[in-house]
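Input: a single structure, listed below in structure tokens.
Lettering of chains follows the sequences in order, A, B, ..., and the numbering in each one begins at 1. Just so it is clear, the model here is predicted, and its values are computed rather than measured.
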Number of protein chains: 2
Amino acid sequence: MRNGAPKSALFDAHASVAQALGSGRRAEIVDLLAQAERSVEEIATEISQSVANTSQHLQVLARAGLVRSRRDGTRVYYRLASDRVAELWAAVRDVAVRHVAEVSVLADEYLGDRRGVEPLSSEELSERLARGDVVLLDVRPEPEFLAGHIAGARSTPLEALDELAGKLPKSREIVAYCRGPYCVYADDAVRLLRARGLKARRLDVGYPEWRRAGLPVEIAS
Amino acid sequence: MRNGAPKSALFDAHASVAQALGSGRRAEIVDLLAQAERSVEEIATEISQSVANTSQHLQVLARAGLVRSRRDGTRVYYRLASDRVAELWAAVRDVAVRHVAEVSVLADEYLGDRRGVEPLSSEELSERLARGDVVLLDVRPEPEFLAGHIAGARSTPLEALDELAGKLPKSREIVAYCRGPYCVYADDAVRLLRARGLKARRLDVGYPEWRRAGLPVEIAS
DNA sequence: CATATGCTCAAGTTATCACTTGAATACTTG
DNA sequence: CAAGTATTCAAGTGATAACTTGAGCATATG
């Protein structure tokens with residue numbers, strides 16, 4: 001066996017990538033940035049942390065190569081370094097869902113009452129979009145919709161949904177989607193629409209997963 | 001916005017998976033277990049750590065759901081919880097290779113002089129195996145070969161290679177593979193064979209990647 | 001049933017991490 | 001060029017992690 005030091009160093013370097021994702025707050029950041037780039041302050045607000053702390057987390061992520069930044073005026077915008085990072089995060093979630101019992105309990109707790117929030121797979125949505133027999137709503141905040149959305153979706157942030165609900169057809173099924181499988185917006189939207197007597201379901205994944213699967217997307221220009 | 005506590009807890013739970021991989025020694029263990037299950041003592045030897053420390057690392061991995069164990073007599077054998085874990089590890093390596101500059105430097109340092117160690121892709125090997133115009137050598141330790149190997153490969157641990165080298169055909173190309181892209185055995189084998197005047201190359205990945213790609217494998221029964 | 005083997009547990013040390021607070025920079029705008 | 005905003009840096013604190021050492025358990029064997 002060769003001297004073990006370079007081997008250790010190589011594994012340490014790989015592990016540094018995993019370690020960067022090994023904090024709940026940083027995982028939350030990566031999950032956010034999988035939607036669209038954001039400024040430090042926006043990120044801090046979303047993850048309920050101080051700006052200073054958020055900045056330090058972002059620098060840990062940057063040092064590990066997971067995110068990059070660009071400055072625009074006084075703001076600094078962070079984005080994922082590449083789609084591979086989103087794939088890594090998806091792999092983490094996949095293992096967590098399958099092997100960490102705690103996750104499903106916590107997910108139920110976070111997502112609330114899911115009775116009546118029937119999920120729809122990407123394949124099924126794909127087919128039904130082709131047939132044109134669903135109304136597809138993107139219930140994320142509008143900036144994320146602008147950064148990219150499922151082809152054929154209409155931007156309907158939760159705040160706007162209440163008003164729009166009356167204008168939606170009662171005959172066609174409505175499908176809502178948002179950031180990912182654990183995003184609450186789509187669940188909330190479905191509950192609101194069903195309370196109004198509409199046929200609504202949620203997509204079981206979010207925009208990043210849809211895009212990575214190579215399914216059709218649109219980006220506002 | 002909903003109360004942030006369950007959300008944090010959910011991300012923390014996901015992050016715990018990444019954190020388990022966030023130590024070089026544990027990453028090394030996962031990389032090893034992607035080949036075959038092993039006892040604690042074997043793992044400790046391979047990663048050059050004390051048995052006690054290794055046992056504790058294994059328990060961290062087990063708590064995060066990445067590995068499972070079974071007892072056989074006085075020994076406890078650990079294995080990956082599922083193929084998803086191997087995929088997660090592959091995703092980590094992928095991001096590290098692309099975004100951590102340090103990794104390629106360390107890899108060169110660890111693998112040594114790679115001039116003349118021409119890599120071969122899985123696709124190419126696949127085609128050439130079908131045509132039958134290569135000799136395929138599995139240069140991992142034999143227990144790993146027994147736990148599973150590329151269909152058509154011959155077990156040739158490095159210790160045995162020296163003796164076998166004289167019996168190999170000079171006309172056909174020889175392909176060596178081992179544990180993964182950073183495994184030194186295949187490089188060592190190629191150098192040894194080329195020094196003997198044989199045409200040798202290495203597969204650019206290892207057995208676990210080949211298997212996960214759905215390519216043909218054999219498992220000794 | 002005593003001994004050996006293989007693994008786990010517990011305690012202790014040193015280093016690293018997450019977060020806070022307050023100050024320092026970088027850029028923009030009046 | 002002064003004042004304001006967004007971000008980063010630096011220092012400090014309490015908690016957690018990695019590794020060591022030595023003891024404790026479980027299973028097999030004489």
Side-chain angles (χ1 to χ4, degrees), chain A residues 4-5 7-9 11-30 32-33 37-64 66-79 143, chain B residues 4-5 7-9 11-30 32-33 37-64 66-79 143:
Chain A
K7 189 180 177 193
S8 284
F11 277 103
D12 284 345
H14 282 93
S16 70
V17 167
Q19 198 176 24
L21 268 178
S23 134
R25 252 28 64 222
R26 288 197 293 271
E28 222 171 324
I29 292 174
V30 168
L32 259 180
L33 296 184
E37 65 168 17
R38 280 182 155 75
S39 70
V40 178
E41 200 177 30
E42 287 172 321
I43 299 168
T45 306
E46 288 265 16
I47 68 170
S48 311
Q49 296 290 313
S50 71
V51 169
N53 193 23
T54 302
S55 175
Q56 315 212 78
H57 277 308
L58 285 166
Q59 280 167 67
V60 171
L61 288 170
R63 246 179 279 131
L66 301 190
V67 306
R68 297 191 192 295
S69 63
R70 70 179 176 87
R71 181 177 268 278
D72 179 21
T74 74
R75 269 168 240 256
V76 176
Y77 287 88
Y78 282 85
R79 65 182 184 285
Chain B
K7 189 181 177 191
S8 285
F11 278 101
D12 285 345
H14 281 92
S16 70
V17 168
Q19 198 178 22
L21 268 178
S23 133
R25 255 25 66 222
R26 286 196 295 269
E28 224 172 324
I29 292 173
V30 168
L32 259 180
L33 296 184
E37 65 168 17
R38 270 171 218 279
S39 71
V40 177
E41 199 176 32
E42 287 171 321
I43 298 168
T45 307
E46 289 264 15
I47 68 170
S48 310
Q49 296 289 316
S50 71
V51 170
N53 193 22
T54 302
S55 174
Q56 316 212 79
H57 276 309
L58 285 166
Q59 279 167 69
V60 172
L61 287 169
R63 247 178 280 131
L66 301 189
V67 306
R68 297 192 194 292
S69 62
R70 70 180 176 88
R71 181 178 269 276
D72 179 21
T74 75
R75 269 166 239 258
V76 176
Y77 287 88
Y78 281 85
R79 64 180 185 285

How close or far is atom C1' of dA18(C) from atom CG of Leu21(A), stated in whole angstroms? 16 Å

As an exercise, state the distance from CG of Leu66(A) to CG of Leu21(A), rounded to the nearest 0.5 Å. 5.5 Å

Letter per nucleotide, 5' to 3', of nucleotides 5-11 of chain C [B base touched, S only sugar-phosphate touched, - untouched; heavy atoms, 4.0 Å]: -SSBB--

Separation of Leu58(A) CG from Ser39(A) OG (nearest 0.5 Å): 10.0 Å

Could you grab the distance from atom OH of Tyr78(A) to atom CD of Glu37(A), nearest 0.5 Å is fine? 12.0 Å

Main-chain N/O of Gly73(B) paired to Arg71(B) side chain as donor or acceptor, under 3.5 Å: yes

Taking 5' to 3' order, which nucleotide of DNA chain D is first and which is last to have an atom within less than 4.0 Å of a heavy atom in chain B? dA18(D) to dA28(D)

Would you compute the distance between atom NE2 of His57(B) and atom CD1 of Ile29(B) and round it to the nearest 0.5 angstrom? 6.0 Å

What salt bridge (charged side-chain N to carboxylate O under 4.0 Å, His left out) pairs are there with at least one residue in residues 15-28 of chain B, not counting sequence neighbours? Lys7(A)-Glu28(B), Asp12(A)-Arg25(B), Arg25(B)-Glu28(B)

Any His57(A) side-chain N or O less than 4.0 Å from OP1/OP2 of dC17(C): no

In whole Å, what is the span from the CZ atom of Arg26(A) to the C1' atom of dC17(C)? 8 Å

Expressed in angstrom and rounded to an integer, what is the separation of Asn53(A) atom CG from dA18(C) atom P? 9 Å

side-chain hydrogen bond (donor to acceptor under 3.5 Å, both in side chains) between Glu41(A) and Thr45(A): does it pass, once the steps are laid out? CA-CA 6 Å; Glu41(A) 200 177 30; Thr45(A) 306; over 6 Å; no

Ile47(A) CD1 to Thr54(A) OG1 distance, which is reported to the nearest 0.5 Å: 4.0 Å

